[in-house]
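Just so you know, ligand 1 is whichever comes first in the structure, and atom 1 is the first atom listed for that ligand. It should be emphasised that the depicted structure is a prediction, and the values quoted were computed from it without experimental measurement. Side-chain atoms are counted along with the backbone in the values below, which use heavy atoms only and exclude waters and symmetry mates.
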Amino acid sequence: MGLSHSSVYHSSHVRSVTKSGPVVITPHQDVYPRLEIYDFCCDGTTYKPEFELLVQGYQAMYDRPYEDMRSFYQVAGIHGLPYSAYDGVTGGAHEYHNDTDWAIGRWGGYCHHGDILFPTWHRPYMLLIESLLIDEAKKIALQYPDKEKEKYVEAANKLRHPYWDWSAEKALEGIPNVFSKEKLEIYTPKGWKIVNNPLKSYTLPVDLSTPFPTKSNNPTAKPNYTPPSMDYNPYTPAGYPTVRHPNANYQDQYDVLNQEMLVYVPAVFRAGFYQMFLNDNYLHFSNHALRSNDTEMADTNPGHPNPLVFVGYAHFASIETTHDGLHIIAGGLGGHMSYPDITTFDPLFFFHHMHIDRLLALWQAVWVPESIAVNGTYTAKLNEKVNGNTDLTPFRKSEKEFWNSNDVRDIEKLGYTYPELMKFKGHDSKKLHSYILGLYKPDPHFGRRWFAKLTIEEGKLIGPYVIRVFVDLANATAKTPVTSPHFAGLVAMWRSTNNFRANGTTYTVGSVDITAAMERLGLRMEKHDYVSDVNATTGLLKSTSLFNVDTDINCVPVRQNGEEVNPKDAGVTNVEVYSFEHDNEDPNFLVKNTGQYHGAKKF
Ligand SMILES: [Cu+2]
C-alpha cells in the first residue's frame, strides 16, 4: 500500500474549488488547550472574553450566506445531508449519486462511521470549525473599543473550541445550561447585549430533509407535532431551529434529556470510557464494527478476533459505541442529534465531538492499519480499503492535498492540546493512564469486574434504538424501569439502516459493565467465594460455575418511542460474559491475564 495506493486514490478526487473556497485548514500558530465547557464559560471571569468571542463567532458563522463554504450551514452539511459536494470535493469517478448509491447501502455524507477512520476523520473536522471560529473571533476582537481591543485580540488568539465532558461526574447534573438558555448576556463591541444563544440551536436557512405526507409529522404542525417514526430523518423546514427531545410544540424538553443523563452517565458513559481506556488495540478502540467474516474461525484479518475466541480485554468498548449513546439521548425522539444525517446542524455536535477528540488524544498511540470502510462515504465507494494515508475528504491541507490520519496524530502540531496532556506532560504515561481510568471508573470496586459483550447485526431494526441489559430478571420488559436494581446498562444503536451490504452482514459490538448490578443483587458474592469454584492448579476461578449467562443476562431492545422489540428482531445475535481482576497495586487497572470467559447466549 503506502504511496502507490494513496497516489492512485488522490488522483480520483476532483479538486476544483468553489467561489468561496478553497477552504484550506491550517494548524493554529500557537498551542493552547481546548477547555471543558464548565471551566470555559461558567466561572464568569477567567475566560470571559474567550466565551464572548465564542458566542459571537458562532453567530457570525450562522449569519454567513448559506452557500458560503465558511458558513455553519456548509460545514454542518459535510457530515451527512444534504449529500452534496463540499468545496468541489466530489470523489471524481466515485462521486455519490443519490438515485443509485443509497440503494446499495452507501452513505452519502463524508463522515466515517463503523470503520477505523471514525476518530481521525472527525479530527480535521473539529479543526475546521475551530479555525473558522477563531477567524471570526479575530475579526470581532478588532471591533472592540481601543481600551479593550488588546484584551480581546489576545483572547481570540488563545481561543480554542471547548469540549463538553458528558462522562464526567458533573454530567449527572444534566446538560450544562449554557446549551439550553434562550438568551445570553455578553459584552460585545457595541457594549452589553442580550443575544440569542447560538449554542442552544441553529435555525435552518433552507429545508433540511423532506416533508412527510402525514402533516402532523412535520414541525409546521405544532402544537400538534408528532415526531416521525425512527425510520426516517425528521424534516426541518427553513426558518425552524434544531431541537432536542422535541414536544408537540416543537420545543426542547430538557427535563427528559436530563433524566436520561442520570441513567446514561454512570451506566453507559463512564463505564464505557473506563473499558475503552483499557483497550490497547486500535482496531477495536476506533470503531464499533465487526465484519461478518470476523466471526469465522478461518478469519485472517489482523487484529479482529473471532468474538468467541478470548483475547484479553481487546474485545471491549470502542470510542464509537459510547459516543453513539450521547447522540441518542441528546436528540431523543425527533431531535437532530439522534440522526447521523442531520446531527451536525445542532451546535451541540461540535462540543460533543471535541470531547471525542480529547479522548482520542488521551488514548494516545494512534496507529491506523489497513481495514475496510464498509459503509462507503461521499467520496469513498463501498468496501474501499482505508489506512493511515487515506484522504480525509473534504478536509484540505493545501489546495491540492487532503489531510490524512497520519498527519493528524500530533495535536500540538495542529496548535491545540488538552488540560490533562499539559498536566502530565513529561511524566510516565502510566500515571496519566491511571488518572484517566480513575476519572471514569464506574464505582469503587476491588474484586473482579464483569462485562457483557453484545454483538448486534446492523439493519435488522432501523435505528436509533438501544438494547437494555438486565441481570437476573427473566421477565424484564421495556416497561421495567431503568432504576431497577437489575438494570446494568445498555448498548446504543445510533446508526442502523436497512441498506444491504455488498460485503455481507455487518455487526456492531458493544459491552455493558454488569459488575454493579451483580453486586447489588449479591450474585457474585453468593457464588464466587466457594473453594470448589477455584481451579486448584491455576488458582483461578473456574469459568463454568459462576454465572449462568443464559438465564442471568436479559436483553430488552427499546426504540426511542418506548416500543419494545424482541432481541432477535433487533439484531442481537449473541451475548458473552467476561470478567477480570483489578490490579492489587493500582486498582484503577484490570489485569489482562486474569480474564475469564463465562459463556455466551445466542439469539
Ligand atoms: Cu458523532
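Applying the side-chain contact (heavy atoms from CB on, under 4.5 Å) rule to Pro266 yields the partners Leu172; only residues at least two apart in sequence or on another chain are considered. Applying the side-chain contact (heavy atoms from CB on, under 4.5 Å) rule to Asp165 yields the partners Glu36, Tyr163, Ser167, Ala168, His355, Arg358, Tyr440; only residues at least two apart in sequence or on another chain are considered. Every residue meeting the salt bridge (charged side-chain N to carboxylate O under 4.0 Å, His left out) condition with Asp513, not counting sequence neighbours, appears here in chain and number order: Arg449.
The set of protein atoms (N, O or S) found at less than 2.8 Å from the Cu ion (ligand 1) reads His323 NE2, His327 NE2, His353 NE2, by chain and number.
For His323 and Phe118, the distance between ring centers is under 6.0 angstrom.
When each of Phe72, Trp164, Phe345 is paired with Phe350, the ring pair (Phe, Tyr, Trp, His ring centres under 6.0 Å) condition holds for Phe72 and for no other.
Annotation: cation-pi pair Lys170/Tyr38 present, NZ/CZ under 6.0 Å from the ring centroid and within 45° of its normal.
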